[in-house]
Amino acid sequence: MTLFAFLQDNLARTLFLAWEHVWLVGLSLLIAMCTGIPIGIAITRSKDLAQKVLAGANVIMTVPSIALFGLMLPILAIVGHGLGKVPAVIALVLYSLLPIIRNTFIAIKNVDPALVDAGRGMGMGKWRLLREVEIPLAVPVILAGLKTAAVMNIGIAAIAAYVGAGGLGVFIQQGIARSHETMILTGALAVSLLAIVVDLAMSLLERWVTPKGLKI
Amino acid sequence: MIEYDSVTKIFGIGKKAVTATDNVTFTIADGETAVFLGPSGCGKTTLLRMTNRLEAVTRGTIRVMGRDTMEMDAQKLRLSMGYVIQQIGLFPNKTIAGNIAVVPRMLGWDRGEIRSRVDELLGMVNLDPEIYRDRYPAELSGGQQQRVGVARGLAANPDILLMDEPFGAIDPINRDQIQDEFLRLQGKLKKTIAFVSHDIHEAIKMADKIAIFKDGRLVQFDTPEAILMRPANKFVSDFVGADRALKVLGLLRIRDAMNPEPRNLVQAGEDAPGVLKMMEAQNLPLAFVIKDNRPVGYVHPKLLKYEQGRVGELAEKFPETLGAREPVRDALSAMLMHDITAFPVVDDNGNLAGTISYRQIQKSILDLYADDHEESKIE
Ligand SMILES: Nc1ncnc2c1ncn2[C@@H]1O[C@H](COP(=O)(O)OP(=O)(O)O)[C@@H](O)[C@H]1O
Ligand SMILES: [Mg+2]
């Protein structure tokens, strides 16, 4: 059976799985962003805290995804969510935190101290300085972190099919189980294509939200 | 007015403690520019940063307009003073207008007010608002950026300006120009300015008073003339350099050294024989020829001998005219270049204001030096 024929027969299912995949990655990215960026900013105020938080996020990163699902299973089983979308989203959020926190932290830290000094010397408060100077200048690097997290999570989400989270990984998992090569190939190609598209889209977004004065 | 009263700043504690400012007391009067001068690491920046509380004072008091800064809200204090730094620190994500508007916006000015103020300030620092208002800092040269930095410091028209080596990062030619522009501006604005510099030339040029520091201590606080002519100790005289008499020439204005009522003037319409007779009688080597109160040239006895015409037609022209406001250095330079030992001096309208000779220059320098060195007075 050719790839094309397979797609023709399973178009609705493919689109649904792709949508599920995007939804998993998108939701977890949103959650990670809403927690990771504030954490990244907060830890710029304390060197000690920054070291601990970054080391912690690093440890999470080193745990293989299959192992992480296995570790979470008994814990989440207590609340009846050992399998399915909940462990998938939690894992994806955890993996996203490191690139997001790290990039936010580095970006804010790397703002030219002369700018911070000038701002403070003119009477800007902490919040105003963050809002008007530090965050706008950090945006490109923060977005690069989001991009890394998104592309990485598209791959990890494919593995989440093993805990019943759905998504394009289903094709790969079922294809392996049934020795259905075309099915595996479809899943693999679709995941790769998704990663490429998201990467491109995020690059465009990055260019779009970078303050104009930084592009000169 | 800024009063430093026994101000001490110690960074760190225990063995690592560094005394950056050591029991410093002096006052910057209203409308005056005080330059904090001294070698790198002597505590100039620290003292400046304590003034707007970017650093906390360890001991002592800083009063601004009579109020103890520690009793004021730090942010309000900073909003009331302009702050200009060597690194300029323009926000790259904001336009030039946006950068200048930072403090007015924090003070709640309305949009129209801010816009007209931005244009006014750009004009003041010689940048065309139409061209530069909507540009970004990255599109400007270093000199232009620092002009914007100065405009930003002046934005809300503060009475006090704190400047930390504001022209330090600009190439020498541009620096000279921007210093001149700033002096002209300050002549009108009369701000009270604390200005950090490590450059003696800049200090002499910009300062009403110079505060010289060494290892956090104030060594001398005085006018540039006094610092040059009467250095408090060897450290100061070494710092100002062996050529300090030459530096005084750059500081002294011609109007302060010239003879405002010269006797050796003759009118252009007078006859040569009469003038010659007068010059010989009074033993004058040179006379200035004047027409309608403007200098037309000079005559000397040799030139007038056997001549019958009017001195106006016989006079030699001066190769240069000297303005009363120009530094004495320029007068001396003209004398050396043209081998003429006396020049007429004109006011802003080109009318004769006086004359200056080599001997007068020498005398005014000796006078300055003799102010409180009576014993060494040379007559
Ligand atoms: N934040 C700081 N922490 C510790 N030491 C400092 C700090 N700022 C300045 N110093 C020290 O204080 C002294 C004076 O520094 P500074 O005021 O910057 O000198 P200047 O501006 O005259 O070059 C130096 O010895 C410097 O190392
Ligand atoms: Mg300094």
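Each chain gets a letter, A, B and so on, in the order its sequence line appears, and its residues count up from 1.
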Open item on the list: In the structure I gave you, are the side-chain heavy atoms of B:M65 and B:I160 within less than 4.5 Å of one another anywhere?
Closed with: yes

- State, yes or no, whether a side-chain contact exists between B:I178 and B:P166 at a heavy-atom distance under 4.5 Å. no

Turns out that what part of B:I85 lies under 4.5 Å from chain A's heavy atoms comes down to side chain

I'd like to check A:I156 versus A:N153 (side-chain heavy atoms, cut-off strictly below 4.5 Å). Are they in contact? yes

If you tally heavy-atom pairs under 4.5 Å between each of A:G121, A:G125, A:A114 and chain B, the highest tally belongs to A:G121

Turns out that what part of B:L162 lies under 4.5 Å from chain A's heavy atoms comes down to neither

>> Do A:I60 and A:L98 have side chains that approach each other closer than 4.5 Å (heavy atoms only, starting at C-beta)?
In response: no

Side chain to side chain contact (heavy atoms under 4.5 Å, CB included) with B:V148: of B:L121, B:V125, B:L140, only one passes, and it is B:L140

Do A:R13 and A:V170 come close enough that some side-chain heavy atom pair is under 4.5 Å?
yes

Enumerate, including both backbone and side-chain atoms, all donor-acceptor pairs under 3.5 Å from chain A to chain B.
residue: A:D117; atom: OD1; partner: B:R49; partner atom: NH1; Å: 2.4
residue: A:D117; atom: OD1; partner: B:R49; partner atom: NH2; Å: 3.1
residue: A:D117; atom: OD2; partner: B:R49; partner atom: NH1; Å: 3.1
residue: A:D117; atom: OD2; partner: B:Y83; partner atom: OH; Å: 2.8
residue: A:G123; atom: O; partner: B:Q75; partner atom: NE2; Å: 3.4
residue: A:E132; atom: O; partner: B:N93; partner atom: ND2; Å: 2.8
residue: A:E132; atom: OE1; partner: B:K94; partner atom: NZ; Å: 2.9
residue: A:E132; atom: OE1; partner: B:R105; partner atom: NH2; Å: 3.3
residue: A:E132; atom: OE2; partner: B:R105; partner atom: NH2; Å: 2.5

Side-chain touch B:V150/B:M163, heavy atoms, less than 4.5 angstrom: yes

Most heavy-atom pairs under 4.5 Å with chain B, out of A:P113, A:A118, A:P136, belong to A:A118

Practice item. Find out whether A:I108 and A:L130 are in side-chain contact, i.e. whether some heavy atom of one side chain is under 4.5 Å from a heavy atom of the other. Key: yes

